[in-house]
Colleague: 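Quick one: the structure is below, questions incoming.
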Amino acid sequence: ANPVLTPRDGWNLMIAKAVVEIADGNVHEALTHLGRTHLAMEPFVVSTHRQLAVNHPLHLLLAPHFEGTLAINEAAWRHLIAPRGAVEKLFSASLSAAQGLAAHGVQQQAVMQSLLPLTFQNRGVDDVTALPHYPYRDAALLYWRAIRPWVESYIGLYYPEDGRVAEDPELQAWVRELAAPDGGRLNGLPRGGQAVQSRTELTDLLTFVVLTCSVQHAAGNFPPYDLMSYAPNMPLAAY
């Protein structure tokens with residue numbers, strides 16, 4: 001069994017706490033940040049350009065949120081998560097392990113179960129009475145509650161009824177490519193990625209994309225500077 005350490009254990013407790021911070025930092029950067037924002041959004045970028053005409057309503061909605069995504073992802077693969085790059089130099093995980101963790105983060109994410117309110121419900125942290133102080137939840141939900149009605153009203157302009165969603169061939173090709181084995185290989189899309197059949201499904205899916213490209217990436221990318229830039233607080237490796 002794993003030992004239980006207390007302040008009485010002196011330096012052993014300090015070492016154990018450092019190991020936890022190392023694991024947290026490695027998982028955060030490879031899975032939460034790289035995998036579930038940068039890499040999870042890349043299939044949406046590619047499929048949008050491949051399957052939606054430049055004047056398609058969804059292309060017009062999503063394109064501003066994709067600006068720079070492919071460029072920064074390429075830079076990450078060339079310089080950060082590449083042989084002799086920053087990850088290999090700084091992380092405790094090997095390069096192949098870090099790459100595998102990032103890929104695992106994308107493959108194990110069920111898209112329609114990753115809608116922001118559901119993530120809090122599924123983790124049992126949605127009750128503000130039981131957990132009154134959770135700044136990420138409380139701030140992020142403000143954005144969700146602003147973005148979703150905006151997306152819903154936009155969708156309503158072009159899809160006045162559910163049948164219009166189901167009958168849009170470009171939209172259906174878009175979602176199929178997101179899930180295709182030779183496409184995005186994303187999991188948890190509506191009907192296994194075979195079709196989107198309602199305005200509610202489409203609104204939720206698009207809100208997930210817009211929120212991930214903006215709010216979620218900001219939450220994963222910027223605050224860690226305050227925690228990780230002082231290496232003794234959150235080292236990425238024990239050497």
Side-chain angles (χ1 to χ4, degrees), residues 30-77 81 99 102-119 140 143-144 146-155 157-159 165-166 168-221:
L31 191 155
T32 306
H33 180 197
L34 176 62
R36 291 195 172 170
T37 60
H38 287 267
L39 302 185
M41 289 299 102
E42 187 164 312
F44 287 97
V45 181
V46 174
S47 186
T48 294
H49 285 285
R50 283 172 48 86
Q51 301 299 341
L52 302 177
V54 293
N55 61 347
H56 190 283
L58 301 191
H59 192 130
L60 295 172
L61 173 68
L62 294 175
H65 300 284
F66 295 156
E67 184 177 354
T69 301
L70 297 184
I72 199 168
N73 285 2
E74 182 184 14
W77 285 111
I81 197 158
Q99 291 173 336
H104 178 80
V106 179
Q107 294 164 356
Q108 296 301 310
Q109 184 177 35
V111 172
M112 298 304 284
Q113 288 298 311
S114 298
L115 308 180
L116 188 71
L118 288 179
T119 65
Y143 287 100
W144 174 270
I147 292 171
R148 193 184 185 284
W150 172 68
V151 172
E152 185 176 38
S153 63
Y154 179 87
I155 292 303
L157 295 174
Y158 299 96
Y159 302 96
V165 173
D168 184 340
E170 292 182 46
L171 165 58
Q172 301 306 329
W174 175 76
V175 75
R176 285 196 298 270
E177 182 167 288
L178 290 173
D182 59 350
R185 293 182 287 178
L186 296 177
N187 294 308
L189 291 159
R191 275 162 290 286
Q194 294 305 302
V196 176
Q197 295 185 339
S198 73
R199 294 187 300 172
T200 297
E201 287 178 344
L202 182 58
T203 298
D204 283 339
L205 180 56
L206 295 174
T207 303
F208 165 77
V209 175
V210 171
L211 189 98
T212 303
C213 289
S214 55
V215 177
Q216 184 59 37
H217 177 263
N221 182 70

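Model, not experiment: these values are computed from the prediction.
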Colleague: Taking atom CG of Leu115 and atom CH2 of Trp144, what is their separation to the nearest 0.5 Å?
Modeller: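 Rounded to the nearest 0.5 Å, the CG-CH2 separation comes to 4.5 Å.
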
Colleague: At their closest point, which heavy atom of Pro190 faces which heavy atom of Val196, and how far apart are they?
Modeller: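 So the minimum-distance heavy-atom pair works out to CG-CG2, 4.1 Å.
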
Colleague: Taking side chain to side chain contact (heavy atoms under 4.5 Å, CB included) as the definition, give me every residue that meets it alongside Glu74, ordered by chain and number, with sequence neighbours left out.
Modeller: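 For Glu74, the residues satisfying side chain to side chain contact (heavy atoms under 4.5 Å, CB included) (neighbours in sequence not counted) are Arg78.
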
Colleague: Are side-chain heavy atoms of Leu31 and Arg36 found at a separation under 4.5 Å?
Modeller: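 Sidechains of Arg36 and Leu31: in contact.
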
Colleague: Atom OH in Tyr143, atom OG1 in Thr207: separation rounded to 0.5 Å?
Modeller: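 Answer for the OH-OG1 pair, Tyr143 versus Thr207, is 16.0 Å.
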
Colleague: For residues 193-221, which residue pairs qualify under salt bridge (Lys or Arg N to Asp or Glu O under 4.0 Å), counting only residues two or more places apart or in two chains?
Modeller: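 Of all non-adjacent pairs touching residues 193-221, those that pass salt bridge (Lys or Arg N to Asp or Glu O under 4.0 Å) are Arg148-Asp204, Asp162-Arg199, Arg191-Glu201.
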
Colleague: Would you name the heavy atoms of Gly193 and Ala179 that are closest together and state the gap between them?
Modeller: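 Scanning both residues completely, I find the closest heavy atoms to be CA-CB, 3.7 Å.
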
Colleague: Evaluate the side-chain proximity of Met41 to Val209: yes if any heavy-atom separation is below 4.5 Å, no if none is.
Modeller: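 Val209 vs Met41: side chains touch.
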
Colleague: As an exercise, state the distance from CD of Glu170 to CG of Leu58, rounded to the nearest 0.5 Å.
Modeller: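 Rounded to the nearest 0.5 Å, the CD-CG separation comes out at 9.0 Å.
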
Colleague: Any idea which heavy atoms bring Val54 and Leu60 closest together, and the distance?
Modeller: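 Answer, listing the atom of Val54 first, then Leu60: O-CD2, 3.4 Å.
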
Colleague: Under the side-chain hydrogen bond (donor to acceptor under 3.5 Å, both in side chains) rule, what pairs show up with a residue in residues 41-51, not counting sequence neighbours?
Modeller: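 For residues 41-51: Glu42-Asn73, Thr48-Trp174, Arg50-Glu177, Gln51-Glu177.
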
Colleague: To the nearest 0.5 angstrom, please state how far the CG atom of Leu206 sits from the CG atom of Leu211.
Modeller: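 Answer for the CG-CG pair, Leu206 versus Leu211, is 12.5 Å.
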
Colleague: With rounding to the nearest 0.5 angstrom, report the OG1 to CG distance, Thr200 to Leu205.
Modeller: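 Going from OG1 on Thr200 over to CG on Leu205, the span is 12.5 Å.
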
Colleague: Indicate the atoms forming the closest heavy-atom contact of Ser214 with Ile147, along with that distance.
Modeller: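 Distance-wise, the nearest heavy atoms are OG-CD1, 4.4 Å.
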
Colleague: Do you know the tightest heavy-atom contact between Val151 and Thr203?
Modeller: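 Nearest heavy atoms, Val151 then Thr203: CG1-O, 4.0 Å.
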
Colleague: Roughly how far, to the nearest 0.5 Å, is the CG atom of Leu202 from the CD1 atom of Ile155?
Modeller: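 Result: 4.0 Å between the selected atoms.
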
Colleague: Any pair with a residue in residues 52-65 that passes side-chain hydrogen bond (donor to acceptor under 3.5 Å, both in side chains), sequence neighbours left out, goes on the list, sorted by first then second residue, please.
Modeller: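 Every side-chain hydrogen bond (donor to acceptor under 3.5 Å, both in side chains) pair that includes a residue of residues 52-65, provided the two are not neighbours, is His56-Asp168.
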
Colleague: Where the side chain of Asn187 meets the backbone of Gln107, is there a donor-acceptor pair that is under 3.5 Å apart?
Modeller: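 Indeed, once roles are kept as given, a pair shorter than 3.5 Å links the two residues.
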
Colleague: So, using side chain to side chain contact (heavy atoms under 4.5 Å, CB included) as the criterion, who are the partners of Arg185 when residues are at least two apart?
Modeller: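 Counting only residues at least two positions away or on another chain, Arg185 forms no side chain to side chain contact (heavy atoms under 4.5 Å, CB included).
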
Colleague: Do the non-hydrogen side-chain atoms of Tyr159 and Leu171 ever get within less than 4.5 Å of each other?
Modeller: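 Yes, at least one pair of side-chain atoms sits under 4.5 Å.
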
Colleague: Quick one: closest heavy-atom pair of Leu39 and Ala102, and the distance?
Modeller: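 Between these two residues, the closest heavy atoms are CD1-CB, 4.1 Å.
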
Colleague: Does the side chain of Leu61 come within less than 4.5 Å of Trp150's, by heavy atoms?
Modeller: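 Trp150 vs Leu61: side chains touch.
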
Colleague: Sort and list the pairs that fulfil ring pair (Phe, Tyr, Trp, His ring centres under 6.0 Å) and have at least one residue in residues 187-218, not counting sequence neighbours.
Modeller: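 Matches after skipping sequence neighbours: His33-His217, His38-His217.
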
Colleague: Would you say CG of Leu157 has more than 12 non-hydrogen atoms from neighbouring residues, nucleotides or ligands within 6.0 angstrom?
Modeller: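 Enclosed: over 12 neighbouring heavy atoms sit under 6.0 Å from CG of Leu157.
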
